[in-house]
Amino acid sequence: MTSSTRREAALRLLETTGMRKSSYAPPGVLILWRLGIDCPPPHFARFWSLFALSGVYFGIFWGLFMWLFSTASKTPLLESLPLAACFAGGLFGLGMAFYYAYGRKKYQLPLWNELR
């Protein structure tokens, strides 16, 4: 099964669950698909890959956002900003990984490699 037909089968399966499309095809994943990057819908991905990917991108963007708006204040905040960004990214990544793992278990969805 090619990856595009596997993705279409996964999307059809997710449509039958009754969950919102924004939940099983979030904007970030839609952008990756339009750029030609083939990745599984989040409900079919492994826990640790979801944790790493969502944690890293959230930590980077949250850190940049906080850096942009904290330049008016002085050094104490800026010195602890990388650690705070890692902590925020880790919490967000853990939350998203648990959210999608719970949805996979609730709707009895297979992992990406097990999808037929």
Mind checking side chain to side chain contact (heavy atoms under 4.5 Å, CB included) for I60 and listing every partner two or more places apart, or none if nothing turns up?
-> V56, L64

To which residues is L53 joined in a hydrophobic cluster, defined by side-chain heavy-atom contacts under 4.5 Å among Ile, Leu, Val, Met, Phe, Trp and Tyr, whether direct or through other members?
-> none

Looking at F51 and G93, what are the two nearest heavy atoms and their distance?
-> CD1-C, 3.4 Å

Count the heavy atoms belonging to other residues, nucleotides or ligands that lie under 6.0 Å from CZ of R104, then report whether that count exceeds 12.
-> yes

By ring-ring contact (aromatic ring centres under 6.0 Å, His included), which residues pair with F65, not counting sequence neighbours?
-> F69

Answer yes if M19 and Y102 sit in the same cluster of Ile, Leu, Val, Met, Phe, Trp and Tyr residues linked by side chain heavy atoms under 4.5 Å apart, and no otherwise.
-> no

Please identify each residue that fulfils ring-ring contact (aromatic ring centres under 6.0 Å, His included) with F98, with sequence neighbours left out.
-> F47

Members sharing L111's hydrophobic cluster, built from side-chain contacts under 4.5 Å between Ile, Leu, Val, Met, Phe, Trp and Tyr, are none

Can you measure from OG1 (T17) to CD (Q108) and round to the nearest 0.5 angstrom?
-> 12.0 Å

Is there a chain of hydrophobic side chains (I, L, V, M, F, W, Y, each step under 4.5 Å between heavy atoms) that links L83 to L81?
-> no

R6 versus N113: any side-chain heavy-atom pair under 4.5 Å?
-> yes

Pairing residues for F44 by the side chain to side chain contact (heavy atoms under 4.5 Å, CB included) criterion, not counting sequence neighbours = A10, L13, L14, P40, P41, L109, P110, W112, L115

Which residues pass the side chain to side chain contact (heavy atoms under 4.5 Å, CB included) test with F92, sequence neighbours left out?
-> S54, Y57, F58, M96

Let me check something: any side-chain donor-acceptor pairs from residues 23-34 under 3.5 Å, sequence neighbours excluded? List them with distances.
from, atom 1, to, atom 2, distance (Å)
S23, OG, Y99, OH, 2.9
W33, NE1, C39, O, 2.8

Please name all residues satisfying side chain to side chain contact (heavy atoms under 4.5 Å, CB included) with L91, sequence neighbours left out, ordered by chain then number.
-> F87

